[in-house]
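Worksheet: the structure to be examined is printed underneath.
Please read all numbers here as calculations on a predicted model, not as lab measurements.
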Amino acid sequence: SILLLVSMSFSLVASAAEVNKKSELKFTDVQVESSEYDAVLYLSKKGIINGKSKTQFCPLDNLKREEFAKILTKAFELKDKSSHIKYNDIANDAWYASFAKTVSASGLMIGISDNSFGVGLELSRQDLAVILKRFIDKIEVPLKSDNVIVYADNNEISDYAKEAVLALSSTGIMEGKENNLWLPEE
């Protein structure tokens, strides 16, 4: 799931010194032995993630667009410059309103149309690739690789995502799935 991928990718920033395995993790569905434990603990302590409830993180759940908007905003400490952003599917008093508008104003994550952010929609692998590529471009990290990967389902990758998928998969930042498939809508 994308949520698990995001949690594990953020584990790169969690140093062993900061994360104490004996610390109390409030989520009962993330075990100390699991590969995502350190990342979930780190992100939870930093206030970047909350989980689905006070005791459930739900690491296998798919990530919704507005949930990822919060993660991006908190993780990269994006400043709210969103007063001019208006989407018809975001109520001003929704918990995610400022997060969705902030990431949209930053250009990292835009709506699915001019007037719809895509609230309630799951974040697909190809959308995640596009967002990560935008961030990498924004911080000016060059992605260079002679490795060209052609997936069996390349024709299913949307045109807007092909460049990002190729760049991230050729450098190993994101990988395909079994049977040489990218599974862009997963």
Side-chain angles (χ1 to χ4, degrees), residues 1-15 18-19 25-27 30 36 38-54 57-59 61-143 158 160-165 167-169 171-174 184:
S1 106
I2 291 176
L3 186 55
L4 184 57
L5 172 68
V6 169
S7 295
M8 290 191 312
S9 68
F10 279 111
S11 68
L12 298 173
V13 298
S15 71
E18 286 185 59
V19 178
L25 184 62
K26 61 185 176 180
F27 305 121
V30 179
E36 69 267 9
D38 289 344
V40 172
L41 180 60
Y42 177 82
L43 294 170
S44 177
K45 283 183 172 184
K46 294 286 187 182
I48 295 170
I49 59 168
N50 295 9
K52 301 285 180 163
S53 74
K54 290 182 188 243
F57 180 69
C58 303
D61 281 7
N62 290 325
L63 192 61
K64 297 212 184 309
R65 290 177 54 82
E66 61 272 20
E67 293 168 337
F68 196 58
K70 178 189 176 193
I71 291 170
L72 286 173
T73 302
K74 294 282 195 171
F76 301 117
E77 299 175 350
L78 300 176
K79 302 299 176 216
D80 186 1
K81 298 178 183 171
S82 62
S83 59
H84 68 284
I85 304 291
K86 176 70 176 141
Y87 289 116
N88 295 336
D89 61 343
I90 298 178
N92 287 333
D93 61 348
W95 69 265
Y96 51 81
S98 67
F99 301 125
K101 292 176 181 181
T102 296
V103 295
S104 188
S106 76
L108 290 177
M109 185 176 179
I110 58 176
I112 59 171
S113 71
D114 289 341
N115 56 8
S116 179
F117 183 75
V119 172
L121 297 177
E122 293 174 352
L123 189 67
S124 68
R125 287 174 43 81
Q126 68 183 353
D127 287 346
L128 179 61
V130 169
I131 294 164
L132 292 176
K133 177 73 167 68
R134 283 183 188 143
F135 179 74
I136 290 166
D137 290 346
K138 186 174 187 138
I139 61 172
E140 299 178 354
V141 173
L143 293 178
S158 297
Y160 72 87
K162 285 187 186 222
E163 178 187 343
V165 168
L168 296 181
S169 61
T171 56
I173 294 172
M174 286 182 78

Heavy-atom closest pair, residues I71 and I48: O-CG2, 3.8 Å
Heavy atoms of other groups near K162 NZ, more than 12 under 6.0 Å: yes
Throw together a table of side-chain donor-acceptor distances under 3.5 angstrom for residues 105-113, partners on residues two or more places apart or in other chains.
from: S106; atom 1: OG; to: V103; atom 2: O; distance (Å): 2.7
from: S106; atom 1: OG; to: L108; atom 2: N; distance (Å): 3.2
from: S113; atom 1: OG; to: N115; atom 2: N; distance (Å): 3.4
from: S113; atom 1: OG; to: N115; atom 2: OD1; distance (Å): 3.1
from: S113; atom 1: OG; to: S116; atom 2: N; distance (Å): 3.2

Residues K46, E77: salt bridge by 4.0 Å N-O rule: no
Steps toward side chain to side chain contact (heavy atoms under 4.5 Å, CB included) verdict (Y87, S104): CA-CA 10 Å; Y87 289 116; S104 188; 2.5 Å; yes
Min side-chain heavy-atom separation D127-Y160 under 4.5 Å: yes
Closest contact, heavy atoms only, A129 versus A164: O-CB, 3.6 Å
Flag side-chain contact, heavy atom, 4.5 Å: L63 against L128: no
With I136, the side-chain contact (heavy atoms from CB on, under 4.5 Å) member among I131, T171, V141: V141
Shortest non-hydrogen contact from I90 toward A100: CD1-CB, 3.6 Å
Donor-acceptor under 3.5 Å (Q126 side chain, S158 main chain): yes
Taking every non-hydrogen atom, the tightest pair across S124 and P184: CB-O, 3.3 Å
Minimum heavy-atom distance between S44 and F27, given as atom pair plus value: OG-CE1, 3.9 Å
Gap separating the CZ atom of R134 from the CD1 atom of I139, nearest 0.5 angstrom: 15.0 Å
Sub-4.5 Å side-chain heavy-atom contact between L143 and K133: yes
Heavy-atom check, side chain of W95 versus side chain of E66, under 4.5 Å: yes
Those residues that, when tested against K70, pass side chain to side chain donor-acceptor pair (under 3.5 Å) (two or more places apart): N50
Shortest non-hydrogen separation from E67 to K52 and the atoms involved: OE2-NZ, 2.9 Å
For N88, side chain to side chain donor-acceptor pair (under 3.5 Å) partners two or more places apart: none
Atom pair CG/CG of L72 and L132 - distance to nearest 0.5 Å: 8.0 Å
Pairwise side-chain contact, K101 with N92, heavy-atom cut-off 4.5 Å (strictly under): yes
Interatomic spacing from OH in Y96 to NZ in K64 - rounded to 0.5 Å: 11.0 Å
